[in-house]
Structure formats: C-alpha cells, structure tokens
Amino acid sequence: MKLYNTLTQKKETFVPIEAGKVRMYSCGPTVYNYFHIGNARPFIVFDVLRRFLEYTGYEVTFIQNFTDVDDKIINRSHEEGISPQAVSEKYIREYFVDADALGIKRASLHPKVSEHIPEIIQMIKTLEEKGLAYNIGGNVYYRVDHFRDYGKLSKQSIEDLKSGARIDINDEKQSPLDFALWKKKKEGEPYWESPWGQGRPGWHIECSAMSRKHLGETIDIHGGGQDLIFPHHENEIAQSEGSCGKPFANYWVHNGYININNEKMSKSKGNFFTVRDIAKTFDLEVVRMFLLMAHYRSPVNFSEPLLQQAQTALERLYTAKYQMLFLLEKAVAATASEDEIRWITALDKYKKSYIEAMEDDLNTADAISVIFELVRELNTFLDENSSKPAILAAQALFGELTTVLGLAVKEKETSLDADVEALIEQRQAARKAKDFKRSDEIRDQLLAMGIVLEDTREGVKWKKA
RNA sequence: GGUGCCAUAGCCAAGCGGUAAGGCAAAGGUCUGCAACACCUCUAUCCCCAGUUCGAUUCUGGGUGGCACCUCCA
C-alpha cells in the first residue's frame, strides 16, 4: 500500500523491514482526563491502519503507550486530592470505556512510562556518553545543536527554530531548543532514583525508550497527530537516532486536526468536547463513521449537525445489514441460480475498488463510498426470492469490508419484550380489520417505547429507534 | 520572520491530466391504508487570473481567502 510519509513529504509504497510483519507505534494519551474528540482521531485512524494491514495479511505489532508520568497528572492529583498513580489508573480505565465504544481494538501492548524508568535512564546515559546530553544540577537536557538531523521531520533548520523560539525563562539550558530528558524532583512530585539524583523523565524520552524496548531500534510506522510533529516527534528522532545511530521510523504518519468553526480545538481555547460528553447524545460509532468519512490527513470540522449526517449514513449501512439477516431467515432456495452465480462473481469488483482505495494512503472516504455502492447493489438485487448462498455471499462481503473499518459491527437485537410483541400482534389484527386509527395509535405507542415498525411486503419489521 | 496545509453542489466529502464518486438535505416518482425502509429521477461554469498541453478541477506562476506549526496540546 501507499502511505504519505511526513519525513519525505510524499506518498510512498509501504515496504516493511521484515517481510509480512509490521511494527508500529502510535503516541497514546496522557491519562489525566477523559479524552476529547481530537484525541479520538489518531486512535481511530491508527486502529483502521492496523486493521487494514492485518486484513491484507501482515502480522502487526502495534504499540500505543499511556503517558502516566506528567505535569498534568500531578496537577490533577493535587486538584482531586488523590495520588498521581490513582489519577492515571482511573483515566486508563476510562480510556478503555471510550475506546471500546469507538470500536478501537486493544493495541498489542499499552506500555506505561512508570514501568519503563530503567530503559529511559539507560537511554539518557547513552546520550550523555555521546555528548548529546548534559546534566545541570540534576536536570538533564538534550543538546540539540549536536544532532545533525535536527529539524528533518518538521522541515525546519535549527537556525529557523531558534529565531522563532519564545524567550525561555529557563536560562540554565545551553540553547533554547534544548529539551529536558530528566527533570529534577520537586516537592510533592513522584520521583525515581537515577545517576543524576531523584527525579522523573521528560515528556519525549518515554516514546523513544518504549518503542525501542518493544519494537527494536528501527520501526516501520510511527504515528500521531500533526501537532506532535514538532517538537515531540522531532525530539523522539533526536533521542532514538542520536543514541543508536540508526533510523528511528521508516514511515511517519500524521493525522489532521479536528476543528471547531474552522479553528483548532485546543485546551487553551476551551473549545473541546470530550468523547464522554458526545456519548450522551450519540452512539460513539457515529463519531467513528464521521471521522472515517473524511481522509485522515485533511482537517475536519466538528459539529452536531455533521454528526447527525454521519448518523443517518450509518443507519443506511445497518438497514442493509439487517435486511440481509431478515432475508436469510426467509430464504428457501438452498442453491444459487445461474443469474445469482454471475452476480456473486461480479460482486468482486466492489472488493477490488475498496482495497484500491484503502491502499491509496488509507482513503477511508473513498472506501466508504464503495461500501455505499455495494449497499445499493444489495438493496436492488436481493429480495425474498434470493437463495441462501446469494445472501450469504453478500453478507460475507459486506461484513468483510465494514469490519476493516470497524463500522456496522453491532449485531441486531433479536428478542422483544412480551408486551411489545403483544402490541405488534394487536396492531396487525387492527390493520387486517382496516382499523387504521387503532393501528396507528399502537404504532405511536411503540415508538414512544423506542420501537420503530415498518410494514414491508414480507411482513412487519421492527427496529430500535 | 521561518515552515507546511487547504479552497469541489444547500451541507459534508473523494477524485488530482481526458469535461466530476459517495453520504446528508431538498424536489418529483414507484411501493404503502398512511408512514418508514428500499428503488428510480433530479441537483456543480471544481475561489480568481495567466501559462504549459490536443485537452486542466487535476501541472506551473501570480493573486484572493482560510488554517496550522515554530509554546503544553492529537
């Protein structure tokens, strides 16, 4: 497949280091709060990338970390009067609640910073030995001037970065671009013993250390949001490549932002929505649909009306899925007709187009449009006279294509309360007697109970509103 | 100041050299007791101006408008 590589600013054909295997790392959340819709985008995007790579036959090792040592967690622990560890444990649990609802699969491993302190210390020691780090009274900084390739990811020269840098209050650094690898302990903060005294790791070193430990010195794909390009990923490169002299990641993949009214969502602007908040109004699968209907690199505007559009679109997928289920129950013909056999064979073109779209830099928008074309085909061709093999073939293809995107994966609820079933029967009786007033009353009554009725040629159907 | 990105119908959004996918909405129709679902029909001088080309939404140059990074943020 082709992937846009931030490093080269081009779409490139993906070639793994080891045939048939992919090692990828994606920056995970700092666990100090529920995550917001902006965080959700990379989680979903890299989940889909991982699923697609697996679908095409790769064995994927996918690492997504939890940052559980951080200023924001410490602040939060003071606010809530609980330990930093309790804060991070709580929000790791909450992460999985939201991630599950968004249809995000567990990574192969979710490593935590707090469990990788020895690896982090080791990496800093190596950097120090190589003259790429210096210790000032227990604070260790990266010496950016000594890393030749600094700026290669963000396309900035060290000079340009310096001229744009804000005046730093921290004057103990040799250069304003230098960044902390190890922070000296402050009162009331968690700390670990190290060769430089008690303290804790800086923000960037964790990803370098955990990636190396679990995936090796050079990995295939490193992902994250565009805002991580600088400084986070630039610094990761400096640390990883500076300490071992080998390329850190072959493909750097970055997703675009989520905007509110064309402005970046950010904590400082206060215009962000947590996924947990959205879950009050929408099934979070809608959020997944909404995000995947756009290409992962383009910026996306977020609003409730847009989510409603996505919801209606998603329902169309479910209608088709459940219709096939319905037809399969009714189907009597056990063998496909010649006509059907030809049709089943022709279905393959949808799969081809779909894969083509996904292989082109993970074009999920295009892939979804192929699914909608397939849905129209299914709705047109399949009916109560269709044979079981034809329906099964359609079902299998639909399921295959939607599952890679993690969409329309919910199974239909099959049981109804006895009183609901009784009402449906009463309404059928009323309809038969042409008592439409009564039958409409019952329909409204059921609607109020969250049950939508549809009278079809094949009989009455129901679904949850 | 340095570095990137974007501009396609009412809304969202693919396409990126051969006169425009898909979804939502609106309109008309088939089906239906009505409705819903589904299906059919309908909806675009691709921001502007030059240039390259037989041919440009797609490439180049110049505008205009918007966004982001260089500071914690996905």
Side-chain angles (χ1 to χ4, degrees), chain A residues 6 9 26-30 35-46 70-72 151 154-157 159-168 176-177 203 223-232 234 254-259 261-269 272 289-290 292-295 297-301 303 305-317 319-320 322-323 326 353 357 360 363-376 378-383 431 434-437 439-440 443-444 447 452-457 460-463:
Chain A
T6 307
Q9 298 174 288
S26 175
C27 294
T30 301
F35 65 85
H36 59 72
I37 176 81
N39 298 303
R41 170 115 98 149
F43 301 157
I44 291 168
V45 165
F46 295 107
D70 181 87
D71 289 340
K72 293 188 284 280
S154 54
K155 314 298 162 196
Q156 298 271 345
S157 70
E159 284 315 306
D160 292 340
L161 284 166
K162 272 187 186 162
S163 65
R166 283 195 177 177
I167 298 139
D168 204 318
L177 294 182
W203 172 37
Q226 271 171 8
D227 58 331
L228 290 184
I229 294 172
F230 191 91
H232 186 53
E234 196 71 73
H254 292 100
N255 62 274
Y257 294 101
I258 288 188
N259 297 144
N261 295 129
N262 281 318
E263 277 201 327
K264 183 180 159 186
M265 165 170 2
S266 69
K267 277 157 205 165
S268 50
K269 281 181 184 141
F272 68 97
M289 181 75 178
F290 168 69
L292 294 180
M293 284 202 297
H295 185 87
R297 282 193 287 118
S298 48
V300 125
N301 251 318
S303 70
L306 258 20
L307 235 36
Q308 268 152 6
Q309 284 189 13
Q311 184 170 48
T312 315
L314 221 208
E315 275 165 14
R316 184 168 158 77
L317 258 33
T319 302
Y322 295 159
Q323 171 69 0
F326 181 86
S353 308
D360 183 14
N363 195 334
T364 55
D366 230 356
I368 288 174
S369 82
V370 173
I371 293 177
F372 278 111
E373 284 168 12
L374 172 66
V375 162
R376 170 162 286 123
L378 303 179
N379 288 337
T380 308
F381 187 84
L382 259 21
D383 60 28
R431 287 187 70 216
K434 308 258 184 226
D435 183 356
F436 297 121
K437 184 166 174 285
S439 94
D440 287 352
R443 188 166 60 189
D444 290 344
L447 186 63
V452 179
L453 288 189
E454 294 174 3
D455 303 316
T456 72
R457 252 184 313 180
V460 65
K461 289 164 78 174
W462 62 271
K463 65 180 181 186

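Every chain is numbered from 1 and lettered A, B, ... according to where its sequence line falls, protein lines coming before strand lines. Computed from heavy atoms alone, side chains included, the values below leave out hydrogens, waters and symmetry copies.
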Among [options], which nucleotide sits nearest the side chain of [X]?
| X | options | value |
| --- | --- | --- |
| A/E454 | B/A21, B/C72, B/A35 | B/A35 |
| A/D360 | B/A14, B/C72, B/G15 | B/G15 |
| A/L306 | B/C12, B/A21, B/C39 | B/C12 |
| A/A313 | B/C24, B/G22, B/G15 | B/C24 |
| A/N363 | B/G15, B/C40, B/A74 | B/G15 |
| A/F436 | B/G33, B/A74, B/A14 | B/G33 |

Interatomic distance at [atom1], [N] relative to [M], whole Å:
| N | M | atom1 | value |
| --- | --- | --- | --- |
| B/C5 | B/A9 | P | 22 Å |
| B/G29 | B/C42 | C1' | 11 Å |
| B/G65 | B/G23 | C1' | 27 Å |
| B/A20 | B/A25 | P | 26 Å |
| B/G22 | B/A44 | P | 14 Å |
| B/G66 | B/C48 | C1' | 15 Å |
| B/U45 | B/A38 | P | 29 Å |
| B/U8 | B/C46 | C1' | 4 Å |

For A/Q156 and for A/V300, locate the closest nucleotide of RNA chain B by heavy-atom distance; then report the residue assigned to the nucleotide nearer the 5' terminus. A/Q156
Closest-nucleotide ordering on RNA chain B, the 5'-leading residue of A/T312 and A/F43: A/T312
Check the geometry between A/F372 and B/G22 and answer yes if their rings are stacked (centres below 5.5 Å, planes below 30°), otherwise no. no
Would you say [X] reaches [N]'s phosphate, i.e. side-chain N/O to OP1/OP2 under 4.0 Å?
| X | N | answer |
| --- | --- | --- |
| A/N379 | B/C39 | yes |
| A/R316 | B/A38 | yes |
| A/R443 | B/A36 | no |
| A/S298 | B/A7 | no |

Look at the side chain of A/Q309 and the base of B/C12, then say whether one donor and one acceptor between them are separated by less than 3.5 Å. no
On the side chain of A/D440, is there an atom forming a donor-acceptor pair with the base of B/G33 - under 3.5 Å, no angle test? yes
First locate atom CG of A/L378, then atom CG of A/D383, and finally report the distance between them rounded to the nearest 0.5 Å. 12.5 Å
Taking atom CH2 of A/W462 and atom OH of A/Y322, what is their separation to the nearest 0.5 Å? 9.5 Å
Taking atom [atom2] of [N] as reference, at what distance in whole Å does atom [atom1] of [X] sit?
| X | N | atom1 | atom2 | value |
| --- | --- | --- | --- | --- |
| A/H232 | B/C70 | NE2 | P | 14 Å |
| A/E234 | B/U71 | CD | P | 12 Å |
| A/K162 | B/C69 | NZ | C1' | 19 Å |
| A/I368 | B/C12 | CD1 | C1' | 12 Å |
| A/E373 | B/A13 | CD | P | 19 Å |
| A/L314 | B/G22 | CG | C1' | 15 Å |
| A/Q226 | B/C6 | CD | C1' | 11 Å |
| A/K463 | B/C37 | NZ | P | 7 Å |

Pick one: which of A/I37, A/I258, A/N255 meets side chain to side chain contact (heavy atoms under 4.5 Å, CB included) with A/V300? A/I258
Closest contact, heavy atoms only, [X] versus [Y]:
| X | Y | result |
| --- | --- | --- |
| A/F46 | A/G223 | CZ-CA, 3.5 Å |
| A/H254 | A/G225 | CD2-O, 3.4 Å |
| A/C27 | A/F43 | O-CE2, 4.2 Å |
| A/P299 | A/N259 | CB-OD1, 3.7 Å |
| A/A294 | A/T364 | O-OG1, 3.4 Å |

Give [X] one of three labels, base, sugar-phosphate or nothing, depending on what nucleic acid heavy atoms sit under 4.0 Å from its own.
| X | answer |
| --- | --- |
| A/S154 | sugar-phosphate |
| A/R431 | base |
| A/L453 | base |
| A/D455 | base |
| A/H254 | nothing |
| A/K264 | base |
| A/Y257 | base |
| A/I37 | nothing |
| A/G224 | sugar-phosphate |
| A/K461 | nothing |

Pairing check on [N]: which nucleotide meets the Watson-Crick or G-U wobble criteria with it, both distances under 3.5 Å?
| N | result |
| --- | --- |
| B/C39 | B/G29 |
| B/G65 | B/C6 |
| B/A50 | B/U60 |
| B/G1 | B/C70 |
| B/U19 | none |

Quick one: does A/E234's side chain have a donor or acceptor within less than 3.5 Å of a partner on A/G151's backbone? yes
